[in-house]
Amino acid sequence: MADDTELDFPSQTLVLVGWTGHGKSATGNSILGRKAFKSRASSSGVTTSCQLERTVLKDGQIINVIDTPGLFDFSSGMELIKKCLKLARDGIHAILVVFSVRSHFSQQQETELRSFQNFFGSKVTDYMIVVFTGGDELEANDETLEDYLGRECPQPLKEILTLCHDRYLLFDNKTRDRTEKAEQIHQLLSLVDTIMLQHGGQPYTDDTSIELWVESTLKESTSRLEQKLAVEQAARLEAENNVQRITNDLIPKLVAQLEEAKKETDKLRKQLAEVELKLKEATSGLEQKLADEQVARLEVEKNALKMSNDVTLKLAAQQEEALKMSNDLTLKLAAHQEEARKMSNDLTLKLAAQQEEAKKESDKICTQLAEVLKNTKDRHKCPFL
């Protein structure tokens, strides 16, 4: 049996009722388009319990079909059918009373239908459609349903059709013609739509079915709201976690970038100090060892001092620029870092060149001093030679 849980798609529920051997299950299979219900010619009922099956039409319409035991096949037949009707929690859109044209409608069958009406309430006939089976036999005899009703329709059957507002049609459950099958279903659903139009789209329900439907609807609505609330709470927590994660990731990056800029500035300062130290060491050595060449040494010192001042001024300007770059680091960090590296490389090259120039100048002085010492036959040797 198909499950009877509520679907999200629009659906219509049809209930098959009738007598054993009149083709209820075969009609249900024709509506579903497959063999879902057991069906065979038998004097005893094949369907002994309620069974719900469904199909989905090409337009997305869902059709639920409930097959029931034969009317009065069991001592508790009506109660069992009522239990079957409760499978349709959203109500019944049409009750299909199946009658075979191979049989004769009897007074007993009329009485049973009247009992059915009394049991389920007078409004049940407002949802009834009479489905005549055996269309293949009428076709074989070259007859129509109107011919059959005009020839063999007893008064009790006419009264039933009147109660159903002449809602009836003929089914051929043996046909293999797809067009004929589709036309049968189309005619049936058109009658169902007529019933719904007459009742403002409200299906048939008894009191018990309404209570079950209300209870089920409330439970499912509550469940949906709880699920939506849980989803919203999870989304909010996820958003908060994302914000916290972004904050936790961004702040350390900014701090690291600022620290990197500070390191770059300290590196420049250190390079400047090293250059100054090297220059001082070079000039100090010349003062101690080249006392006799005071004029030359003073000139070298003067030149070296001038060079040192120039370098100091350049480095001060570069340091100021580096500090400015550090303040703007959060916006243009990558570009400023590249510029700082470039400036650092250029400065290193300049300092190396200047140091090389100073060394050459020092070597020149030492050479001149050696010449002087040689001429005066001084035995002392210059340490730089």
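Owing to the predicted nature of the structure, the values given are computational and were not obtained by experimental measurement. What you see below is based on every heavy atom in this structure, not just the backbone, and it leaves out hydrogens, waters and symmetry mates. Counting begins at 1 with the first residue of the sequence.
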Member of D172, L170, T144 meeting the side chain to side chain contact (heavy atoms under 4.5 Å, CB included) criterion with L138:
L170

Check W19 against K24 and note the closest heavy-atom contact, atom names and distance.
O-NZ, 4.1 Å

Flag, side chain of N29 to backbone of A36, donor-acceptor distance under 3.5 Å:
yes

At their closest point, which heavy atom of Q61 faces which heavy atom of D59, and how far apart are they?
N-OD1, 3.0 Å

Salt bridge present between D346 and K350 (N-O < 4.0 angstrom)
no

Are R167 and D126 ion-paired here, with the side-chain N under 4.0 Å from a carboxylate O?
no

For E240, salt bridge (charged side-chain N to carboxylate O under 4.0 Å, His left out) partners two or more places apart
R236

Is there a continuous path of hydrophobic side-chain contacts, each under 4.5 Å between heavy atoms, that joins I92 to M196?
yes

Any heavy-atom pair between the side chains of R341 and E264 that's under 4.5 Å?
yes

Side-chain donor-acceptor pair present, D193, S190, cut-off under 3.5 Å
no

Parallel under 30°, tilted from 30 to 60°, perpendicular over 60°: which one fits the rings of H22 and F99?
tilted

Within a reach of under 6.0 Å around CG of D142, are more than 12 heavy atoms found that belong to other residues, nucleotides or ligands?
no

same_hphob_cluster(L268, M343) at 4.5 Å side-chain heavy-atom cutoff:
no

Work out which heavy atom in Y148 is nearest to a heavy atom in S103; give both atom names and the distance.
OH-O, 3.5 Å

Is L57 reachable from L52 through a run of hydrophobic residues whose side-chain heavy atoms are each under 4.5 Å from the next?
yes

Hey, does the side chain of S100 reach the backbone of G134 with a donor-acceptor pair shorter than 3.5 angstrom?
no

Exercise: identify the closest heavy-atom pair between I129 and A94
CD1-CB, 4.1 Å

Any donor-acceptor N or O pair under 3.5 Å, side chains T27, N173:
yes

